[in-house]
Amino acid sequence: MRLSRSLLPTLKETPAEAQIASHRLMLRAGLVRQTASGIYAWLPAGYRVLQNIARIVREEQDAIGTQEMLMPTIQPAELWRQSGRYDAYGPEMLRLKDRHERELLYGPTNEEMITDIFRQSVKSYRELPQMLYHIQWKFRDEVRPRFGVMRGREFLMKDAYSFDLDYAGAVASYRKMMLSYMRIFQRMGVKAIPMEAESGPIGGNLSHEFIILAPTGESEVFYDAAFEAMDFSSGTFSHTSDDDLERFFVQMTTPYAATDEKHDTAAWEKVAEKRQGRGIEVGHIFYFGTKYSEPMGLTVAGRDGSKVVPHMGSYGVGVSRLVGALIEAHHDDAGIIWPDSVAPFKAAILNLKQGDAVCDKICEDLYASFAGNALYDDREDRAGVKFNDADLMGHPWQIVAGPRGAANGRVELKRRATGERQEVEIADALARINATARNG
RNA sequence: CGGAGCGUAGCGCAGCCUGGUAGCGCAUCAGUCUGGGGGACUGAGGGUCGUGGGUUCGAAUCCCGCCGCUCCGACCA
């Protein structure tokens, strides 16, 4: 994108409503604008980040064999009556009526709908197990939205659902999902730790929430330093091997990890290397057996012809929340520091002397070589403005083209995360940038 | 849902207490000079003061209602 022709409204001052760092920075960096309490519009740069996060989620879900689909945001009340949740859910659910007075709702989650769809078409044990997911907007009418996109009312969530013939199968699905989640968060450059959780209104009895560490997180967390060295990149564990899944699950659930709600001081005392900090919940997985399949009449024929009620689980990642959470984990006084894998652009190109033939040529050539994956600051502004905006927006790399180096065909390359700057040949700058993994 | 606060130009704010027809900084536009960390000067544009009603000769200012937003606490991907 050319900055001079982009809707990328950076702010020098912080709007009064923003309190925490990520909210302030998202507004100042021109990523989002609020349209109502807890409801946000995603501007071009913010939307690119959102899509990058969704892309990583998608790739890692696909990698363990989860099928992507898309369910609607609006659901009939009837389905929720079948599960018993229509009355149980309470005022957090946004209820609507159409012109015929039919009762509808804006989905806060999709267990009922996926169960309904599944029961219509799947009739035999031969078709199980299956895992399905979609990335779709949800609405929960929070009493008190706050923290920008981290606790909005409308939010983008990846929700997945597993269907297995029995408990053992469901546990395997659950572990695959946990593995997929660890890979997702690792690729986004954050340390996530699964912690045992209450299963809440979704129901069930096996549940973990994924907490990423950030100094401004909402809850206090306690964990064993053993988590810090773990690596989940592909190759370390196979999602098709039961032994690997077992080994993985044991590794994840053996070291101590708890939020303040479930903190056990006696067990904590025994941890050799203690870590304590703040955390933000970005994912939550549940096994809930037949909580929905049973009342909604989902059955398949078993091997012997008898009816089998599938065991289910559901698995959520807060995609839009992650945008805020990643900023909480990666920022400094000057602005955002995007991990390479989710940054809206690979690099920013700063033309320090717009209108200078040599600078313009260098920048135009550079910009063309990025094929749209760079932000070209071609504004008629002074150097300081461009430096500050680039730092604020958090591009992993800045390529600075000014008259000082341009005459010798050199540019300055700055790494946002470290602040390191050096003058290099143009080709070297491109080589170094391309060496950083685009997709994490 | 309990408690508190705010709404005046794109953003940040003053003015309100003690009514007299709106101001500051930044941003924007034009021009000149500048040119490697938010530059300087000159000039210009932009606000039915959230909204409806009331009091008054006169309301941003006082009174009442409504709407919106935020913060603290209880609750949540």
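In what follows, every chain begins at residue 1, and chains take the letters A, B, ... in the order their sequences are listed. Side-chain atoms are counted along with the backbone in the values below, which use heavy atoms only and exclude waters and symmetry mates.
Rounded to a whole Å, the CD atom of A:Gln398 is 14 Å from the C1' atom of B:rG38. Straight-line distance from the CG atom of A:Leu94 to the C1' atom of B:rA77: 17 Å, rounded to whole Å. Atom CD in A:Glu142 sits about 14 Å away from atom P in B:rC1, given to the nearest Å. Here the P atom of nucleotide B:rC76 and the CZ atom of A:Phe286 are 11 Å apart, to the nearest Å. Atom NZ of A:Lys353 is separated from atom C1' of B:rC33 by 13 Å (rounded to the nearest Å). Separating the CD atom of A:Glu209 from the C1' atom of B:rC75 is a distance of 14 Å, rounded to the nearest angstrom. Between the C1' atom of B:rA77 and the CE atom of A:Met177 lies a distance of 15 Å, rounded to the nearest Å. The distance between atom CD of A:Glu154 and atom P of B:rA77, rounded to the nearest whole Å, is 18 Å.
Within 4.0 Å of A:Leu352, counting heavy atoms only, lies at least one base atom of the nucleic acid. Among the heavy atoms of the strands, none lies under 4.0 Å from A:Ala18. Nucleic acid contact class of A:Asp389 (heavy atoms, under 4.0 Å, all strands): base. Residue contacts for A:Gly148: at a heavy-atom cut-off of 4.0 Å it reaches no nucleic acid atom on any strand shown. Within the nucleic acid shown, A:Gln19 comes within 4.0 Å of sugar-phosphate atoms alone, with no base atom in reach, counting heavy atoms only. Using a 4.0 Å heavy-atom cutoff across all strands shown, A:Thr14 reaches sugar-phosphate atoms only and no base atom. Across all strands shown, A:Gly405 has heavy atoms under 4.0 Å from base atoms, whether or not it also approaches the sugar-phosphate. Using a 4.0 Å heavy-atom distance criterion, A:Gly402 is classed as a base contact.
A donor and an acceptor atom never sit less than 3.5 Å apart when one is taken from the side chain of A:Arg144 and the other from the base of B:rC75. Within 3.5 Å, no donor on the side chain of A:Glu380 pairs with an acceptor on the base of B:rG35, nor the reverse. One cannot find a donor-acceptor pair under 3.5 Å joining the base of B:rG38 and the side-chain atoms of A:Asp381. Scanning atom types as modelled, one donor and one acceptor separated by under 3.5 angstrom connect the side chain of A:Arg382 and the base of B:rU34.
Taking 4.0 angstrom as the limit, A:Gln34 places a side-chain polar atom (N or O) nearer than this to OP1 or OP2 of B:rU70. One finds no side-chain N or O of A:Thr109 lying less than 4.0 angstrom from the OP1 or OP2 phosphate oxygen of B:rA77.
Across all strands shown, B:rG25 forms a Watson-Crick or G-U wobble pair with B:rC11, both key distances being under 3.5 Å. With a 3.5 Å ceiling on both atom-pair distances, the Watson-Crick or G-U wobble partner of B:rG65 is B:rU51. Using the Watson-Crick or G-U wobble rule with both distances under 3.5 Å, B:rG35 pairs with nothing in any strand shown. Figure legend. B:rA74 is base-paired to no nucleotide; pairs are counted as Watson-Crick or G-U wobble with both atom distances under 3.5 Å. Across all strands shown, B:rU56 forms no Watson-Crick or G-U wobble pair with both distances under 3.5 Å.
Spacing of P atoms, B:rG5 relative to B:rC41, comes out at 41 Å, to the nearest Å. As rounded to the nearest Å, B:rA30 and B:rC72 have C1' atoms that lie 48 Å from one another. Rounded to the nearest Å, the gap between the P atom of B:rC16 and that of B:rC26 is 23 Å.
A side chain to side chain contact (heavy atoms under 4.5 Å, CB included) with A:Pro194 is found for exactly one of A:Phe249, A:Phe210, A:Tyr223, namely A:Phe210. For the side chain to side chain contact (heavy atoms under 4.5 Å, CB included) criterion with A:Lys158, the lone passing option out of A:Ile184, A:Thr66, A:Val317 is A:Val317.
The structure places CZ of A:Arg187 at 5.0 Å from CD1 of A:Ile56, a figure rounded to the nearest 0.5 Å. With rounding to the nearest 0.5 Å, the separation of CG in A:Asp377 from CD in A:Gln354 is 8.0 Å. In this structure, A:Glu281 CD and A:Ser219 OG are separated by 8.0 Å, a value rounded to the nearest 0.5 Å. With rounding to the nearest 0.5 Å, the separation of CG in A:Asp116 from CE in A:Met71 is 10.5 Å.
For the pair A:Tyr181 (side chain) and A:Tyr315 (backbone), a donor-acceptor distance under 3.5 Å is present. In this structure, the side chain of A:Asp164 does not engage the main chain of A:Met312 through any donor-acceptor pair within 3.5 Å.
Under the 6.0 Å cut-off for aromatic ring centres, A:Trp268 and A:His263 qualify, their centroids lying closer than that. Taking the six-membered ring for Trp, A:Phe163 and A:Phe118 have ring centres closer than 6.0 Å. Taking the six-membered ring for Trp and the full ring otherwise, A:His239 and A:Phe237 have centroids separated by 6.0 Å or more.
RNA chain B is contacted by A:Arg28 of residues 21-30 of chain A, taking any non-hydrogen atom closer than 4.0 Å. Within residues 408-423 of chain A, the residues that have a heavy atom under 4.0 Å from RNA chain B are, in order of number, A:Glu412, A:Lys414, A:Arg421.
A:Leu375 places none of its side-chain heavy atoms less than 4.5 Å from the side chain of A:Arg2.
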